[in-house]
Amino acid sequence: MRRRIVLGVLIFAGALSISVAARQQGGAAPMVVTVDKIKDNFYVMKGGGGNSSVFITAEGVTVVDTKNPGWGQPLLEKIKSVTDKPIVRIINTHTHGDHVSGNVEFPASVEVIVHQNTAENMKEMRASTQTAPNGQPPNIFKANNGRGMPKKTFKDRMTIGTGADRIDLYYFGRGHTNGDAWVVFPALRAMHAGDIFSGKNIPGLDAVNGGSGLAIADTLTKAADTIKNIDTIITGHSTTMTVADLREYAQFNRDFANDVRAAKAAGKSAEETAKAWKIPAKYAGYATPTPIRLLQNVQVVFDELK
Ligand SMILES: [Zn+2]
């Protein structure tokens with residue numbers, strides 16, 4: 001009893017200190033954006049959806065991914081706490097609402113750049129394979145008269161700026177969606193991968209938005225082979241990783257596709273396949289998937305094998 005009271009007081013005190021630090025919206029949970037400083041001019045800001053990268057250069061600030069609806073403002077405030085330079089550009093790694101929705105809260109003058117397939121996907125903002133069971137969310141860009149929509153796109157590659165300020169964008173093929181951009185900061189030896197490498201877990205294979213369980217391993221391998229001189233990879237939702245981690249993740253996805261292919265060839269159903277599949281022992285530290293996510297991924301691969 002006493003322990004419960006002490007614990008309750010601690011939680012209450014913790015909640016108080018968080019709510020003082022953060023802006024609350026409509027009495028909902030506090031909106032806390034945390035900051036990981038990677039370099040003097042490069043930060044990863046976490047919370048409220050996908051990880052956001054903040055790159056500060058002579059001309060201004062580039063932001064990669066802008067989080068869930070309502071999280072643009074807390075992100076903007078956090079950026080202001082590390083620089084007084086203006087924000088000039090947003091790059092969205094892909095179409096999902098937890099990576100693009102904050103766009104609508106940025107000044108309308110901010111340039112938005114995405115892969116050309118992501119630009120098409122953002123016109124629709126369809127519920128993903130993973131979120132479809134929850135229904136179709138409102139299209140945040142239509143609700144904001146198109147504010148935050150991309151005006152510039154790339155197909156395979158694009159370079160922005162030069163020297164220390166340079167940013168390279170790459171597209172290596174389908175994976176999480178059909179528009180996953182790789183955002184490289186050569187001077188920092190860093191790149192932002194987004195949800196095609198969200199962390200050490202099974203990926204979200206969003207077939208609705210062109211994702212592929214058969215292609216993702218090749219796409220990840222191409223990225224690891226093509227982009228040189230990288231020490232730090234910013235994942236979609238986890239900690240930073242290395243190129244060795246990326247190569248391991250590519251193999252993990254290759255193994256998964258092969259396991260599912262073999263099970264289907266042996267006459268197993270998607271349900272039987274998902275029930276029997278476990279994270280292989282050699283992938284220590286990988287998160288155990290929820291049964292729903294696992295079945296979704298098996299089904300995506302099954303559908304591709306038809
Ligand atoms: Zn995503």
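Counting convention: from 1, in listed order, for ligands and their atoms alike.
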**Prompt:** Using the ring of each side chain (for Trp, its six-membered ring), is Tyr286 parallel, tilted or perpendicular to Tyr249, with breaks at 30° and 60°?
**Reply:** parallel
**N, O or S atom of His176 closer to the Zn ion (ligand 1) than 2.8 Å** = yes
**Asked** Looking at the Zn ion (ligand 1), which N/O/S atom of Asp195 is the nearest one?
**Response** OD2
**Item:** Considering only N, O or S atoms of His96, the one closest to the Zn ion (ligand 1)
**Value:** ND1
**Message:** Quick check on the 6.0 Å ring-centre criterion: do His176 and His96 meet it?
**Reply:** yes
**Asked** In Å and rounded to the nearest 0.5 Å, what is the CG to CE distance from Asn209 to Met122?
**Response** 11.5 Å
**Prompt:** Would a line drawn from the ring center of His99 to the ring center of His237 be shorter than 6.0 Å?
**Reply:** yes
